[in-house]
Number of protein chains: 2
Amino acid sequence: MTMSKHCNYLQVLKRNSVDPTPLREAVLRSIAEQTRPLAATEIMAAVQIRTSINKVTLYRILDLFVDKGLVKRLSAGDRAFRYGMGETHHHQDHAHFVCTRCGVMECLEPELFHMDVKKLHIKGKRIINHVDVRFEGICENCRE
Amino acid sequence: MTMSKHCNYLQVLKRNSVDPTPLREAVLRSIAEQTRPLAATEIMAAVQIRTSINKVTLYRILDLFVDKGLVKRLSAGDRAFRYGMGETHHHQDHAHFVCTRCGVMECLEPELFHMDVKKLHIKGKRIINHVDVRFEGICENCRE
DNA sequence: TTCTGAGTTGCAACTCAGTTGCATATATAT
DNA sequence: ATATATATGCAACTGAGTTGCAACTCAGAA
Ligand SMILES: [Zn+2]
Ligand SMILES: [Zn+2]
Ligand SMILES: [Zn+2]
Ligand SMILES: [Zn+2]
């Protein structure tokens, strides 16, 4: 799930046709170096450690990343979206888990749960592009 | 999915240990008489047709219903929750579909997709209480 | 009957996450 | 150097839901 600390984020940005800027690199790095999707405020805090960034800029960068498929916007069942890395060859699609006690969202191993969207054209004349699977419960930490 | 128009909502409230009041009945009816989960503003509008209701009261009634399991709070991938009827013997758990063009949320036939949460204790020491499956795509209306 | 207290509703003001408009800064092209 | 496009910042705004508190309702006690 985590990208290497030595990954060249500027390259990743270029490959995804995003003009590389210091702030964009910092935002991408903050998301990529995590094992779980983060809320915008958490990303904000992570970026602020090194660089100063305005929240509007952050949201605009997040929108851009989501648009380019670089990042995925996930709903955690509360009011704040979480942002995690998008799918790539070495980053498979996977389900997520949200702790209803502490609110933390965790990525689940892709093997634990997989669904083939292609096979779901069935029923009605809807076009299905994506499935979002969210497990809810109590995380390891909160079980005490 | 829909409850009968002639269903006695006051009885339903009592069975779920909720003090029956005119507003609570109106809110429950507005949710129950739909084929899809509604946003709070939609429920508001539906109730307003017959009775006047304050939004704080509505949210408090929704919280109460969700608490009692009478109603389920669903995230549609946008910022507004949707509220649909909770599980009963004649209202099975089911997945939902959200149109990314018009934002409408639809209930999917329970047969289309079913998952047994009991079988998912696997992996890690998490306790899993619930699975939320949301399909995204283009609805029949928006395909034109 | 009147009084009391729990439960219900309404109103104003607030929070929180995100957005809009517009001005400034930075980069790229001519 | 000048023009154009893109990126960032700041203030004010929005939409969905929440909080605090006062007013109302209604069952049971005195
Ligand atoms: Zn937890
Ligand atoms: Zn993930
Ligand atoms: Zn649609
Ligand atoms: Zn439903």
Side-chain angles (χ1 to χ4, degrees), chain A residues 9-10 13-14 16-31 37-48 50-68 70-84 98 100 103-105, chain B residues 9-10 13-14 16-28 30-31 37-48 50-68 70-84 98 103-105:
Chain A
Y9 295 109
L10 292 175
L13 290 172
K14 282 180 205 155
N16 286 269
S17 47
V18 171
D19 271 5
T21 71
L23 286 181
R24 287 172 180 176
E25 190 193 4
V27 171
L28 184 58
R29 156 171 285 122
S30 300
I31 297 171
L38 299 182
T41 47
E42 295 175 299
I43 299 171
M44 187 81 179
V47 173
Q48 296 277 25
R50 327 193 124 260
T51 333
S52 137
I53 187 173
N54 182 276
K55 73 168 179 164
V56 178
T57 306
L58 171 59
Y59 281 117
R60 282 196 282 234
I61 291 174
L62 290 173
D63 285 352
L64 175 67
F65 286 0
V66 169
D67 216 68
K68 299 288 184 185
L70 200 52
V71 159
K72 210 174 222 173
R73 196 198 317 268
L74 302 158
S75 51
D78 58 18
R79 336 218 61 258
F81 291 116
R82 307 299 144 100
Y83 302 87
V98 176
T100 48
V104 80
M105 177 179 259
Chain B
Y9 296 107
L10 293 175
L13 290 172
K14 281 178 204 154
N16 287 270
S17 47
V18 171
D19 271 5
T21 71
L23 286 181
R24 287 171 182 179
E25 190 193 3
V27 171
L28 184 57
S30 300
I31 297 171
L38 299 181
T41 48
E42 295 175 298
I43 299 170
M44 189 82 178
V47 173
Q48 296 278 25
R50 326 194 123 260
T51 334
S52 137
I53 187 172
N54 181 276
K55 73 169 181 164
V56 178
T57 307
L58 172 59
Y59 282 116
R60 282 196 282 234
I61 291 174
L62 290 173
D63 285 352
L64 175 66
F65 286 180
V66 169
D67 216 68
K68 298 289 183 185
L70 200 51
V71 159
K72 209 174 225 174
R73 197 197 317 265
L74 302 158
S75 50
D78 57 18
R79 335 216 60 257
F81 291 117
R82 309 297 144 99
Y83 301 87
V98 176
V104 80
M105 177 180 259

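Just so we're on the same page: letters track the sequence lines, and every chain starts at 1.
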Heavy-atom check, side chain of Leu23(A) versus side chain of Thr21(A), under 4.5 Å:
yes
Rounding to an integer number of Å, can you tell me how far [X] [atom1] sits from [N] [atom2]?
X: Asp63(A); N: dT20(C); atom1: CG; atom2: C1'; answer: 12 Å
X: Lys14(B); N: dG7(C); atom1: NZ; atom2: C1'; answer: 16 Å
X: Gln48(B); N: dT9(C); atom1: CD; atom2: C1'; answer: 13 Å
X: Leu74(A); N: dG18(C); atom1: CG; atom2: P; answer: 12 Å

Identify the heavy atoms of Gly103(A) and Arg82(A) that sit nearest to each other, and give their distance.
O-NH1, 3.0 Å
Pick base, sugar-phosphate or nothing for Asp78(A), based on heavy-atom distances below 4.0 Å to the nucleic acid.
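Result for Asp78(A) = nothing.
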List the atom pairs, with distances to 0.1 Å, where a side-chain N or O of residues 54-68 of chain A and a protein N or O form a donor-acceptor pair under 3.5 Å, not counting sequence neighbours.
residue  : atom : partner  : partner atom : Å
Asn54(A) : OD1  : Val56(A) : N            : 2.8

Contact pattern, 5' to 3', of nucleotides 5-16 of chain D - B, S or - by protein heavy atom under 4.0 Å:
-SSBBBB----S
Has Arg73(A) got a side-chain atom pairing as donor or acceptor with Phe81(A)'s backbone, closer than 3.5 angstrom?
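Answer holds: no.
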Can a donor-acceptor pair be found, under 3.5 Å and without considering hydrogens, that links the side chain of Asp78(B) to the backbone of Ala80(B)?
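At least one qualifying donor-acceptor pair exists.
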Can you tell me how far CD1 of Ile43(B) sits from CG of Leu38(B), rounded to the nearest 0.5 angstrom?
5.0 Å
